[in-house]
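Take a look at the structure below.
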Amino acid sequence: MLLGIFAASALLLGACSGSDDPAPAKSGELTVEPEALTLADEAAVQFITVTATADWGVASEDTSWCRVSPSGGIPGTSEIKVTIDENKSGEARATNLAFRIGNDKKLLPVKQNYKVEAVEIADPAFEAYLLENYDTDGDGVLSTKEATAVTRIEASGRGIRSMAELNTAFPQLIYLDCSDNDLTQLDLTELTRLTYLDCSNNSLTELDIRNQQSLATFDATGNPELKEIHVWTGFKPGSGFAKPEGAEYVESEIPTPAGYRLIWADEFNEAGETLPSTDKWWYETGDGGWGNHELQDYVSGGQYNGEKLALVSNGTLKIVAKKIDGKVRSVRMNTVEGWTYGYFEARLKLCTGKGTWPAFWMMPKNFTTWPGDGEIDIMEEVGYNPNYVSSSIHCNAYNHSIGTQKTHELLLPTAQSEFHTYAVEWSEEMLIFYFDGQEHFRFVNDKKGDYDTWPFYNPFYLKLNLAWGGDWGGAQGIDEGCLPATYEVDYVRVFKKIE
């Protein structure tokens, strides 16, 4: 303790003595060549020549993409290497190389441009309009970044013959005035945000606005050859809508839920007798019981020894369970594609007979474990309880193996003799199940972020199958006298929410 007091006293005395003050750091002169760097978006290595009269140091102010070595040098002329990463950010970026010599600091600016991806515009008049209004950096190119920022196009009377790039280049468009031009076609499929559309006084012969359900103002007058304007289900023109006298609004032949658009469908309308498209469907095969002690053998390719058990004919798909070679053979088919959220619907006529178990359901695209990754049962029915149809969900917290499944069953008296629609509307908020367009069951996301109670935010694919027997289908025995049994599918459709 005493030694510490003496040491502190000595420091205090030293601090009070002007004779012991440290000498100021010596300054020096430093020059660099070049004095600034401006680079393209590619990765690069640049060399800087440094001339100094004293020891010096250097550091990059942003080492995440700009690095320098060595970090300093001695008097004289030397060289440093600057390493620049590729700029994939979509934004120009800048930093400095900070040189120090004595108490002096010198900054060398480093700027790097981003890669400009040009939007190719086929029509010269349309291109000229876009460059005039949206080439914000004045480089003579309309970049994808510039196009993506466009929300209004007011290109009336510009002699434009084509706007073929609207869908791909301008996803944020909400206002489109292309009146008084020379357009013969106008594809708006992906422009779901439009609230204003004036395409009057062109040469359009057909127009599809089914996905423009937010339109408040629409003018298609002055298109004398325009006969059909395709609109959404339940369409009612507002006061801001105007069309040529000879044109009519035509609703889609495929009824579409309000606020949705069709993105995938199989209508099973192929001519003759054929198998389902392998571009849309794949088959699960085998007779291992499938976790439910089922008795059927699911066959590959939708057929067994040349006999079609997934037969497309006369506008429907027939999934057949039939005893062949001493075993009941059937089909379990799945969509190639998967989706996260949407409205999923099928029109079905169920089979009859004790032992049958038809289903229309969904499983995770990236399945690893059941029930943890979830299961969505849109429609199930067992033949011993005819016409009682049900919908269910399964996950770790809620599943039939522990008696906690969330499900609802109701009587649909003609389910086995007539076609009915079965659907689920799946969003981030909940799953809502429908029979013939009427809600009968919903499961709400508890928003706890718990995968055990809500694993339903990953892609799921659709499944159609006809099981035979098993823990549920065979709970009251089976009757092979009902075979062959046919489960009939009129269509399967997938709709996506319009944003």
Side-chain angles (χ1 to χ4, degrees), residues 281-300 302 304 309-310 319-324 326-335 346 348 350-365 367-409 415-416 422 424 431 433 441 443 452 455-456 460-480 482-487 489:
W281 302 93
W282 63 278
Y283 299 90
E284 287 180 282
T285 61
D287 59 354
W290 300 94
N292 302 301
H293 304 100
E294 298 164 30
L295 303 176
Q296 79 288 330
D297 172 33
Y298 286 131
V299 302
S300 63
Y304 181 81
L309 300 179
I319 297 177
V320 180
K322 185 175 182 179
K323 192 167 187 179
I324 310 174
K327 184 82 173 180
V328 175
R329 318 289 175 174
S330 187
V331 168
R332 177 160 157 156
M333 51 192 284
N334 312 309
T335 55
L348 313 170
L350 310 185
C351 46
T352 61
K354 186 184 292 186
T356 59
W357 183 359
F360 171 48
W361 51 306
M362 303 181 75
M363 284 291 285
K365 188 80 171 173
F367 172 81
T368 57
T369 181
W370 188 94
D373 291 327
E375 175 181 325
I376 303 170
D377 297 325
I378 304 171
M379 188 290 304
E380 290 185 281
E381 187 238 31
V382 290
Y384 70 78
N385 196 23
N387 298 315
Y388 279 88
V389 290
S390 67
S391 302
S392 309
I393 67 94
H394 300 283
C395 56
N396 273 339
Y398 310 113
N399 65 84
H400 69 264
S401 64
I402 57 176
T404 58
Q405 74 273 15
K406 299 294 185 179
T407 187
H408 184 253
E409 180 183 76
Q416 294 183 345
Y422 304 86
V424 63
L431 289 148
F433 296 83
F441 168 55
F443 177 70
D452 286 344
F456 305 109
F460 277 57
Y461 60 92
L462 288 165
K463 304 171 74 72
L464 291 165
N465 69 288
L466 175 52
W468 178 249
D471 294 340
W472 191 21
Q476 294 188 16
I478 59 176
D479 177 13
E480 291 188 356
C482 73
L483 298 175
T486 301
Y487 171 29
V489 183

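Taken from CE in M333 to CG in L309, the straight-line distance is 12.0 Å, to the nearest 0.5 Å. Here the NE2 atom belonging to H400 is positioned 7.0 Å from the CG atom belonging to D471, to the nearest 0.5 angstrom. Taken to the nearest 0.5 Å, the OG atom of S390 stands 10.0 Å off from the NE2 atom of H408. Distance check: L295 CG to K327 NZ gives 6.5 Å after rounding to the nearest 0.5 Å. One distance of note links CG of L350 with OG1 of T356; it measures 8.5 Å at 0.5 Å rounding. Between R332 atom CZ and S300 atom OG the span is 15.0 Å, to the nearest 0.5 Å.
Looking at S330, its side chain does come within 3.5 Å of a backbone N or O of L466 through a donor-acceptor pair. E294 places no side-chain N or O within 3.5 Å of a backbone atom of W468 that could act as its donor or acceptor partner. At distances below 3.5 Å, at least one donor-acceptor pair connects side-chain atoms of T404 with backbone N or O atoms of A397. Judged purely by atom type and a 3.5 angstrom limit, D479 has no side-chain atom pairing as donor or acceptor with the backbone of G353. Between the side chain of E409 and the main chain of V389, no donor-acceptor pair closer than 3.5 Å is present. Put simply, the side chain of N334 never gets that close to the backbone of K463: no donor and acceptor are under 3.5 Å apart.
Just one residue in the list Y298, W290, Y487, Y283 forms a side chain to side chain donor-acceptor pair (under 3.5 Å) with N465, and that residue is Y298. Tested against H394 for a side chain to side chain donor-acceptor pair (under 3.5 Å), the candidates D377, N399, D373, T407 yield a single pass: D377.
F456 has its side chain within reach of I393: a pair of non-hydrogen atoms, C-beta onward, lies under 4.5 Å apart. Under the 4.5 Å side-chain criterion, counting only non-hydrogen atoms from C-beta, N292 is not in contact with W472. Taking the side chain as every heavy atom from C-beta outward, T369 and N396 never approach each other to under 4.5 Å.
Counting only N and O atoms by type, the side chains of W357 and Y384 include no donor and acceptor under 3.5 Å apart. W361 and E375 share no side-chain donor-acceptor pair at under 3.5 Å.
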Between R329 and D297, does a side-chain contact (heavy atoms from CB on, under 4.5 Å) hold up when you go through it step by step? CA-CA 5 Å; R329 318 289 175 174; D297 172 33; 2.7 Å; yes

Would M363 and Y461 count as a side-chain contact (heavy atoms from CB on, under 4.5 Å) if you check the C-alpha gap in whole Å, the side-chain angles of each, and the deciding distance to 0.1 Å? CA-CA 6 Å; M363 284 291 285; Y461 60 92; 3.9 Å; yes

Test side-chain contact (heavy atoms from CB on, under 4.5 Å) on V424 and F460 and set out the steps. CA-CA 12 Å; V424 63; F460 277 57; over 6 Å; no

Residue pair K354, I478: steps toward the side-chain contact (heavy atoms from CB on, under 4.5 Å) verdict: CA-CA 5 Å; K354 186 184 292 186; I478 59 176; 5.5 Å; no

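Of all heavy-atom pairs between P358 and E381, the closest is CD-O, 3.0 Å. When all heavy atoms of P364 and G374 are compared, the pair lying nearest together is CD-O, 3.3 Å. Between F433 and S392, the shortest heavy-atom distance links the atoms CZ-O, 4.0 Å.
The aromatic rings of Y398 and F443 lie perpendicular to each other, with more than 60° between the two planes, well past the 30° mark.
The number of heavy atoms from other shown groups lying within 6.0 Å of NE2 (H293) does not exceed 12.
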